[in-house]
A.B. asks: 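Here it is: the structure, laid out below.
Read the numbers this way: they start at 1 and go in the same order the structure lists the ligands and their atoms. Along the sequence shown, the residues carry numbers beginning at 1.
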Amino acid sequence: MTDSPSGMKKGLANYGDADFSLFLRKAFIKAMGYSDSALDRPIVGITNTYSGYNACHRNVPDLIEAIKRGVMLAGGLPIEFPIVSMHESFSHPTSMFLRNLMAMDAEEMIRAQPMDSVVLIGGCDKTVPALLMGAASVDLPAILEVTGPMMTGSYRGEKLGACTDCRRFWAMHRAGEVSEAETEEISGKLAPGAGTCMVMGTASTMALVSEALGMMLPGGAAIPAVAADRLRHAEATGARAVAIAAEKLRPSEIMTEAAFANALRVLQAIGGSTNGLIHLTAIAGRLGISLDFATFNRIGAETPVLVDLKPSGQHYMEDLEKAGGLAPVLREIEDLLDTGCRTVSGKTLREDIADAPAPWPQDVVRTMADPIHQGGGIRILGGNLAPKGAVIKQAAATPALLKHAGRAVVFDSLQDLAERIDSPDLDVGPDDVLVLRNA
Ligand code: FES
């Protein structure tokens with residue numbers, strides 16, 4: 001049996017016979033200044049998801065440099081290539097459409113260009129699922145590096161986190177407690193640097209569940225974007241990208257049904273974003289795996305919320321990193337995980353957990369005996385209001401809200417909500433349920 005083509009010989013364009021197509025390809029790539037010896041090495045593609053609109057990916061140029069160093073130290077040839085960039089605040093009308101565009105872009109560019117493995121750099125909410133969706137469809141050896149969370153900001157002595165505090169301050173502004181001038185000052189403090197939102201929003205959630213899924217080297221989810229450790233993790237990722245090319249370790253061998261069950265359990269244990277479920281469903285779908293909502297609810301019933309991060313708790317991602325990152329979470333729920341799953345490290349999840357630094361006293365990741373919330377963070381609901389199901393983050397609700405009867409006060413659109421919500425004439429009371437339709 002002959003090996004399938006690798007490196008520059010992969011996926012030749014159609015210019016007649018294969019030798020001519022390769023000759024032509026080499027002629028053009030040599031214009032970049034590569035030597036024949038460089039071009040004979042395994043090629044590691046590196047997705048560049050940075051743009052001037054994307055502060056969450058501001059450190060991508062530095063990450064690319066560190067990943068390239070890792071690739072070259074391991075004997076590969078790194079080649080970066082752009083795909084669309086996407087930031088939540090710059091994605092009209094909604095970043096969800098663009099998630100699917102990014103997934104298609106990643107898939108087609110990975111498939112179209114010659115590479116033996118690919119490093120996926122993502123971070124901002126929709127980017128990590130988009131990249132994993134694209135990589136899953138191509139099923140070329142792939143490894144994820146996230147940009148990492150932002151450090152917290154500070155305003156007049158108070159710690160701030162995007163975007164839990166964005167909404168809190170805006171509500172105070174609407175209530176007349178924070179002036180226009182103060183909102184300008186606060187907007188300069190909420191997102192104080194490079195990286196993703198540092199609360200347990202979608203970006204933090206997707207970083208943690210992707211590590212649990214096995215697509216990122218251990219310890220990578222919570223390292224802050226500006227930390228030297230982030231660059232070291234990127235360098236190690238580059239080196240590992242060369243190894244998975246040789247091993248031909250494919251995403252479909254890592255993202256198995258059992259690995260998704262692990263990711264769903266971690267989603268519950270971290271009190272992750274409801275979007276995590278939507279994205280995991282989409283990634284699994286690319287591999288022909290369908291996530292079962294009854295199973296998800298059962299996993300939730302068995303798995304308490306252990307991570308004390310805003311918005312449901314009190315800490316931030318930098319605190320989770322100081323507490324050991326995802327490792328203490330995995331250790332605490334190890335008996336509930338399928339630790340035989342293989343990860344991109346080349347080892348099993350069991351071995352990755354055993355290799356993590358020994359635990360130390362901390363108060364960010366709680367124990368199973370003393371959780372933040374009994375029962376998982378998220379639950380799928382059914383009923384006449386949502387015949388096809390609805391997702392609720394029960395960990396973020398006070399117990400009184402979990403069983404509630406009240407009048408529905410309905411807004412038909414975001415514009416309707418904005419126009420009427422602050423009106424003194426709005427007929428609304430503390431026990432009413434606000435309903436936003438067509439969002
Ligand atoms: Fe990019 Fe929050 S806006 S992670």
A.B. asks: Does a side-chain N-to-carboxylate-O contact under 4.0 Å join Asp412 and Arg437?
C.D. replies: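 A salt bridge links Asp412 with Arg437.
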A.B. asks: Salt bridge check, Lys68 against Glu235: does any charged N sit closer than 4.0 Å to a carboxylate O?
C.D. replies: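 So Glu235 does not pair with Lys68 through a salt bridge.
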A.B. asks: Among protein heavy atoms, which sits nearest to atom 2 (Fe) of ligand 1, and what does the distance come to when rounded to 0.1 Å?
C.D. replies: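 Atom 2 (Fe) of ligand 1 sits closest to the protein heavy atom Cys197 SG, 2.2 Å.
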A.B. asks: Rounded to 10°, how many degrees is the angle SG/Cys124-atom 1 (Fe) of ligand 1-SG/Cys56?
C.D. replies: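 With atom 1 (Fe) of ligand 1 as the vertex, the angle is close to 110°.
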A.B. asks: At less than 4.0 angstrom from any non-hydrogen atom of Thr196, what atoms of ligand 1 do you find?
C.D. replies: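 Counting from 1, the qualifying ligand atoms are 4 (S).
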A.B. asks: Relative to each other, are the rings of Tyr53 and Phe90 parallel, tilted or perpendicular (30° and 60° limits)?
C.D. replies: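 Correct class here is tilted.
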A.B. asks: Can you list the atoms of ligand 1 that are under 4.0 Å from a heavy atom of Ala203?
C.D. replies: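 Reading through ligand 1 atom by atom, the close ones are 4 (S).
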A.B. asks: Which of these, His373, Gln268, Glu332, sits in a side chain to side chain contact (heavy atoms under 4.5 Å, CB included) with Leu306?
C.D. replies: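 So, applying the side chain to side chain contact (heavy atoms under 4.5 Å, CB included) to Leu306 and each of His373, Gln268, Glu332, only Glu332 qualifies.
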